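Heads up, the thing below is written out as structure tokens.
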Amino acid sequence: MTPETLFYAVAFPVLGIFLGLTYKGIDRRISARMTSRIGPPIRQPFWDVGKLLLKETVVPENAVKWLFNAMPILAFASSMTLLLYIPFGILKAPLEGYGDLIVILYLLTLQSLAMAVGGFSSGSPFSSVGAQREMVLMMSYEMPLAIVIIGFALLYKSFSLTTIASTPVWTMVSPVAALGVVLLFIALLVVTPAELAKLPFDIAEAETEIAEGMLAEYSGRNLALFYLSDAVRGFAMAAIEAVLFIPFTFSYVFGISLNGAMLYIVESLWFLFKVLIIYIAAVTIVRTSFGRFRIEQASRIFWVHVNLIALLGLALVWLGVR
Amino acid sequence: MPKTAYYIPIGPIHPALKEPIRVEAEVEGEKIVRVDVKRGFAHRGIEYMGMKRNAIQTLYLSERICGICSISHPYAFVVTAEKALGIEAPPRAQYIRPIIAELERIHSHILWLGVIAHEMGFDSLLFWTWKGREKVLDLLELLTGNRINYSVYMIGGVRRDLKESHIKAIKDAITYYWKFTEQMKEIILSDPVYKARTRGVAQLSKEMALKLNVVGPVARAAGIRMDIRQDMPYDAYADIDVRAVVPQDIVGEAKGDAYDITMVRIYEIEQSLDIIEYCVDNLPEGKILAIPNYPALLAKIRRTKGEAIGAHEAPRGEVVHYLKFDGRDGPSVWKVIAPSYNNINSWAPLLLGAEVADIPIVVAYIDPCMCCNDRVALLKTPEGKVLGYEYIHKKAVEKTKKIEKEVRG
């Protein structure tokens, strides 16, 4: 491991937390403006985390204590690890040689799983119902997510994100396969709010039904860790989509050749802009314009509609590749 | 309920409930297999307080029964008091009263639409409807001086007259709300998510509704043509042909679910706009109070011995007041029946077999008001002796100690 990689390995998570919380702030602000409210300042998520870290961490009497306390750490660790696999614009991912899209899929799942296990271990009926719902939801949206990854594996003959990021997907597909990739992109955009537990798929945390569900019993430091991992996961999910579907660099789009520090600054900002666009499209706008579905309705949406879109996309990609 | 059962305790403090009540739902997966509704968490003894005051003070106390129906209770009170005392409000007052009452219905129904949207996680709809509701609150502030407790009714009339500028403001608001209700129909009633969450949820058949004695929009959504303004008209309502809004008149059939109740409420806003328009256009000239001198009014109350029962169709259903005057300047007996008292009966049968996700919608669809249900009970011994303060206080202390002991084990 080179010192450069080590530096990235430390810098990426720190940057990831900062960006995740900033994006959360922007999301809240835009959502507020969409509903004729002023909304909180963009730095509000930082204050939220600070407040949670200062508060007492209460563990319920009938909880499985070690499990209850371990799960937030697991969720936080998995989201931090997730960051190390995502190429940040033109910067390479620190762990690029050590994993691929399959690992990313598992890391995304691990966090939801940690929340579900934490919910079950808290001993609260609200958390248990929330955890049950989360499991059902996971079973529903994992299939389209996997199909998207298989689609990319078909195109590139590789699961490596670095390989995928090095060649823009749109430059190497036939028109038929391009249509397939568009369908896969749509499927992934629908999966995003479910993966991030945002409306209309925040069924596992439904505030008015089961009082935040899995998080009902969490407080203080534990809740802060879940909050942070949620923020980071939001950013990471949008970043993955940007890497997969909008891989074009600033210099490529505008035909400007940059070099030195300028290249890194401009390309990083360009990457952040792309991620923000996806974040707003897949999370902010969707969560502001929909009500919450019931769990069986959400399952039907993923199993029937989204799966059909994803499978059709996969079929078109397969035809295009051949 | 045994402690080993897997049950979800909703309330007395829960995000879906804005006031204290407890719903204990035993669940299997997402399905509710047993349910128990426990009420009686709000104790205010407002009727008892009313019986210690004079009638005018009691009238303004009646506004405090409910925060949303803050004109409905005084309306039922003045209707009842006028009946008992033999006073008739001047025609102008009889037309001003429905204007205020219908404006309140508009704000209450829009508020409910926001609440039900919030219960299904549709917060954008909540903000949009509540933004639309501001205009009617501003108008009520202009007409009465207050946004919530208007204090504008009086036994034998109203306390504030409508000026030309007020009438213009009302007409502007009516134009705004005609447009707003059209938008509501388009946005709420045709929204696929709203439909998916409310169709078939909280479904009450006509037979069931009659059996459970539900009132107001809940009964009307089930297809029962029932409205106090239609069945027992009073004031200007007697001049207007008010017809109960039922789904079969709108779409041909009544399913009695949460979607139908939304439809009924939106169309009731339109009906209210019609009533306000009629009242404003046909507002008679003249005085607004039958007995403008309050000491004279109190003296008349002291001289009167009699009782009456009166009702008003509040946004949530019928509000019934009973008053007895017995030589005092206030009522010697004051009894209130609020619509939520009847409507909460429908929770248990509707929740049984429903899903956990439907709990907030079933809870919210009747627009529950716990403080409306608060009543004072007069305890009597078997010998017929009314129990005094000391005895009731002693019993309350004993009960608290017993509960404390149970809680601490």
Side-chain angles (χ1 to χ4, degrees), chain A residues 28 30-39 61-62 119-120 123-137 193 197-213 215-217 284-301 305, chain B residues 1 3-11 13-18 23-32 114-132 134 187-188 191-201 354-364:
Chain A
R28 285 172 71 173
I30 293 175
S31 176
R33 287 298 161 101
M34 281 174 75
T35 50
S36 317
R37 291 179 293 128
I38 292 168
E61 210 173 86
N62 52 350
F120 276 128
S124 152
F126 293 119
S127 304
S128 302
V129 173
Q132 282 171 17
R133 289 178 173 194
E134 180 69 29
M135 303 296 267
V136 174
L137 206 58
K198 294 280 191 295
L199 274 168
F201 303 114
D202 71 332
I203 304 155
E205 291 170 19
E207 179 217 341
T208 50
E209 292 163 18
I210 46 171
E212 295 295 340
L215 301 177
E217 297 294 339
T284 315
I285 294 177
V286 173
R287 88 177 171 92
T288 314
S289 13
F290 281 94
R292 187 181 302 118
F293 285 112
R294 272 203 299 266
I295 185 74
E296 93 275 359
Q297 289 167 342
S299 284
R300 201 181 318 123
I301 286 169
H305 303 100
Chain B
M1 205 172 273
K3 278 187 176 170
T4 47
Y6 186 56
Y7 75 94
I8 303 179
I10 309 277
I13 309 287
H14 187 271
L17 299 164
K18 308 300 175 258
V23 180
E24 287 178 354
E26 201 176 318
V27 294
E28 270 175 19
E30 282 276 317
K31 204 174 164 203
I32 300 164
V115 169
I116 195 95
H118 170 70
E119 301 292 10
M120 62 182 72
F122 209 154
D123 281 349
S124 306
L125 203 54
L126 161 81
F127 296 126
W128 178 70
T129 46
W130 284 29
K131 191 182 160 201
E134 279 303 303
I187 293 170
I188 302 173
D191 183 67
V193 182
Y194 193 89
K195 239 180 211 172
R197 285 305 304 270
T198 50
R199 263 287 176 227
V201 175
E355 284 190 25
V356 176
D358 294 335
I359 295 178
I361 297 172
V362 171
V363 164

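In what follows, every chain begins at residue 1, and chains take the letters A, B, ... in the order their sequences are listed. Since we're looking at a predicted model, the values are computed, not measured. Only this structure's heavy atoms are used, side chains among them; waters, hydrogens and symmetry mates stay out.
Partners of A:R292 under the salt bridge (charged side-chain N to carboxylate O under 4.0 Å, His left out) rule, at least two apart in sequence or in another chain, are A:D202, A:E209.
In this structure, the portions of A:T288 lying under 4.5 Å from any heavy atom of chain B include both its backbone and its side chain. The parts of A:A211 that come within reach of chain B are both its backbone and its side chain, each placing non-hydrogen atoms under 4.5 angstrom from that chain. Neither the backbone nor the side chain of B:P192 comes within less than 4.5 Å of any heavy atom in chain A. In this structure, chain B has a heavy atom under 4.5 Å from the side chain of A:F126, while its backbone stays farther away. For A:S128, the parts sitting under 4.5 Å from any heavy atom of chain B are the backbone and the side chain alike.
The minimum heavy-atom distance linking A:S289 with B:S124 is given by the pair N-OG, 4.3 Å. Across B:V193 and A:G291, no two heavy atoms sit closer than the pair CG1-O, 3.6 Å.
In this structure, A:T35 OG1 and B:W130 CH2 are separated by 13.5 Å, a value rounded to the nearest 0.5 Å. The distance from the CZ atom of A:F290 to the CG atom of B:D191 is 8.0 Å, given to the nearest 0.5 Å.
Summarising the local packing, CD1 of B:I187 is surrounded by more than 12 heavy atoms from other residues, nucleotides or ligands at distances under 6.0 Å.
Put simply, the side chain of B:E355 never gets that close to the backbone of A:R294: no donor and acceptor are under 3.5 Å apart.
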